[in-house]
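Quick notes on the structure that follows.
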Amino acid sequence: MKYKSQKVAYWFFALCMLLFSLQIVYGFIMGFDRIGIQGLHEIIPFNVARAVHTNLLVVWLLTGFMGAAYYIIPEEAQRELISVKWAYVQLISLAIVGVVTIIGFHFNHWEGRKFLEIPRELDYLVVINVLLFLFIILGTLYKGKRQTTTALVLTMGLFFAALLYIPGMIWFDSQVMDSFFRWWVVHLWVEGVWELIMGGILSFLLIKLTGVDREVIEKWLYVIVGLTFLSGVLGTGHHYYYIGVNKIWLIVGGIFSALEPLAFLAMALFAVNMYRKGEKSHPNKIALFWTIGSAIVSFVGAGLLGFAHTLPQTNLYTHGTLVTAMHAHYAFWGAYAMIVLAMISYALPNLTGRKRYETTQGMMAFWLSNIGILGMTVAFGVAGVAQVYMERKMKMDFMVVQSEISIHFVVLLICATMFTIGIGLFIFDFIKYGRPTDEALDTDNQGHNVNGYKIDGNVIENLTGTSEKKGKTMI
């Protein structure tokens, strides 16, 4: 790392891993519930498990984005964060909000709005927390030596994510109006401003990992931003028809939703193209795998699978079925989870000084989690198609259909176990890195490291006079 304040990112990543683990636990509770194993049903009903599972997804991803910002912005602005103390205050308050929310769900304390179940009084604490975060980030950028496109796109995504949380806090007596503005949060986050966050992180990682000129990489960001706003904003309309809004939105939403894969295709082509143009072979292959994988999997999950079922002719049958779950799981994994894991994989060696590149655990984590989530996606897809046919075509009762397709959840649980082993290995690797240390600080402008080393070509020369071959781990 280049700046001491970047150590803040580590603790956001640690909280991120804890929340991710909890999300997986609640996913298993739902999975077992679907195949009839309901030992916990009296304590944790399905609706509680679902609310916790989906809200933890949002919280751990936002925590990961914040950690990424606290790592990236100092390097891009070329200065320390304006306040490390307030960054830790923000982290603690975010953790408190998350814990109180989860506990509240178990006592049926929520608003009851899907994906936005967080109680109203905690909404205000979230707003204060995010405002503090933005104050630190924007203040650091403002006082920095430079403002790069990468930093500005990342910050713009984070700022609009905060701004778009407000429509979800407005109270409406009309169910139609309430649902209309709820989609401003739910859809415009994941298929709008979060794509900007992903683009910013992707740009930073590709600059660091491939050695391609910053100007070349950042030109792609303008294309991604343009495609994101073109397709994401009006593409939200494919949800409107089902909440009672004018039928024209079915057409508008369908057309622009069909354009949404273009932004993700641009990201995939962008990442692969930059990798091929790479002028250096970065030793952190695990971070590179997660980075390139994120761009490719997001195109398949968010782009192709989204396109496959949001066309009006198809969506009339698939809307609200397990086909949606198929698309959602692979899209969130590729577009957002993988980019957070890529950022963590890149940052950990720099924060801790432990250059544990290409560890067996790290590579197994990548392949097991990706094979597992692919199997889960297929299981959801097969179950969803069967559900659509039996419910929408054969007019069978909903609960009868759920019983008929329960066998697919057995397959899903097997694949989820593989996925969990992969994530478990990733977390194990995270723990083995240890805590960040000041001795991991990078060199200054004269090439002198704070722990007494000077880097010269392929030799790391200790200032006492002895020399070591470059590549040896310094801790």
Side-chain angles (χ1 to χ4, degrees), residues 27 30 34 50 53-54 57 114-115 179-180 182-192 194-195 227-228 230-245 247-268 296-337 373-396 398 401-402 404-405 408-409 411-412 415:
M30 286 192 292
R34 293 300 293 259
R50 186 182 189 280
H53 183 71
T54 54
L57 170 67
K114 192 166 63 174
F115 301 119
S179 293
F180 184 90
R182 187 180 70 87
W183 283 116
W184 279 33
V185 185
V186 177
H187 191 276
L188 288 181
W189 261 12
V190 300
E191 296 185 49
W194 280 22
E195 289 182 37
L227 288 171
T228 295
L230 173 68
S231 61
V233 175
L234 291 175
T236 307
H238 74 252
H239 295 287
Y240 291 164
Y241 173 72
Y242 302 97
I243 59 175
V245 180
K247 191 175 181 179
I248 187 65
W249 280 105
L250 188 65
I251 301 169
V252 173
I255 292 171
F256 284 92
S257 290
L259 297 177
E260 287 181 28
L262 294 179
F264 289 101
L265 175 61
M267 285 191 192
I296 295 171
V297 175
S298 66
F299 170 60
V300 177
L304 293 181
L305 294 183
F307 175 78
H309 91 106
T310 54
L311 288 173
Q313 297 89 336
T314 306
N315 203 231
L316 283 168
Y317 296 97
T318 62
H319 195 85
T321 67
L322 290 168
V323 173
T324 304
M326 168 198 71
H327 158 56
H329 277 76
Y330 212 49
F332 268 106
W333 171 249
Y336 307 122
I373 194 70
L374 180 60
M376 291 167 63
T377 302
V378 172
F380 270 124
V382 174
V385 171
Q387 179 188 10
V388 167
Y389 186 79
M390 286 188 280
E391 279 183 19
R392 309 290 161 89
K393 298 296 288 183
M394 296 179 67
K395 312 299 182 184
M396 291 174 64
F398 175 81
V401 172
Q402 298 309 302
E404 292 292 331
I405 63 176
H408 297 298
F409 285 88
V411 178
L412 188 140
C415 295

**M390 side chain reached by Q402 side chain, heavy atoms, under 4.5 Å** = no

**Complete:** Rounding to 0.5 Å, atoms NE2 (H329) and CZ (F380) come to a distance of 4.0 Å

**Over-ring placement of R50 relative to F115, 6.0 Å and 45° cut-offs** = yes

**Message:** Surrounding CZ of F409 (heavy atoms of other residues, nucleotides or ligands, distance under 6.0 Å), is the total greater than 12?
**Reply:** yes

**Request:** Go through the steps to decide whether I405 and L322 satisfy the test side chain to side chain contact (heavy atoms under 4.5 Å, CB included), and finish with yes or no.
**Result:** CA-CA 10 Å; I405 63 176; L322 290 168; 3.5 Å; yes

**Prompt:** In this structure, are over 12 heavy atoms from other groups packed under 6.0 Å from Y389 atom OH?
**Reply:** no

**pair I255-I251: side-chain heavy atoms closer than 4.5 Å** = yes

**Complete:** Between the OH atom in Y330 and the OG atom in S298, the distance rounded to the nearest 0.5 Å is 10.0 Å

**Message:** For H327 versus L305, what's the shortest heavy-atom pair and its separation?
**Reply:** ND1-C, 3.9 Å

**Item:** Distance-only donor-acceptor check, side chains N315 and Y241, under 3.5 Å
**Value:** no

**Message:** So which atom in T228 and which in G192 form the shortest heavy-atom distance, rounded to 0.1 Å?
**Reply:** CG2-O, 3.1 Å

**Asked** Of the non-hydrogen atoms in V245 and W249, which two are nearest, and what is the gap between them?
**Response** CG1-CD1, 3.3 Å

**Asked** Can you name the closest pair of heavy atoms from F256 and G235 and give their distance?
**Response** CB-N, 3.7 Å

**Request:** Determine the interplanar angle of the W184 and F180 rings, folded into 0 to 90°, and report it as parallel if under 30°, tilted if 30 to 60°, perpendicular if over 60°.
**Result:** tilted

**Request:** Kindly indicate whether the side chain of Q387, heavy atoms from C-beta on, has any atom under 4.5 Å from the side chain of E404.
**Result:** no

**Prompt:** Does H238 have its ring centroid less than 6.0 Å away from the ring centroid of H319?
**Reply:** no

**Request:** Kindly indicate whether the side chain of W183, heavy atoms from C-beta on, has any atom under 4.5 Å from the side chain of L188.
**Result:** no

**Message:** Testing the basics here: between A379 and H408, what is the closest heavy-atom pair and its distance to 0.1 Å?
**Reply:** CB-O, 3.8 Å

**Prompt:** Is there a side-chain contact between R392 and T321 (heavy atoms, below 4.5 Å)?
**Reply:** yes

**Message:** Would you call the rings of W189 and W194 parallel, tilted or perpendicular, taking 30° and 60° as the class edges?
**Reply:** parallel

**Closest approach of P312 to G254 (non-hydrogen atoms, all atoms of both residues)** = CD-CA, 3.8 Å

**Prompt:** Counting distance only, does the side-chain N/O of Y336 pair as donor-acceptor with the main-chain N or O of V190 below 3.5 Å?
**Reply:** yes

**Prompt:** Is any side-chain heavy atom of T324 closer than 4.5 Å to a side-chain heavy atom of T318?
**Reply:** no

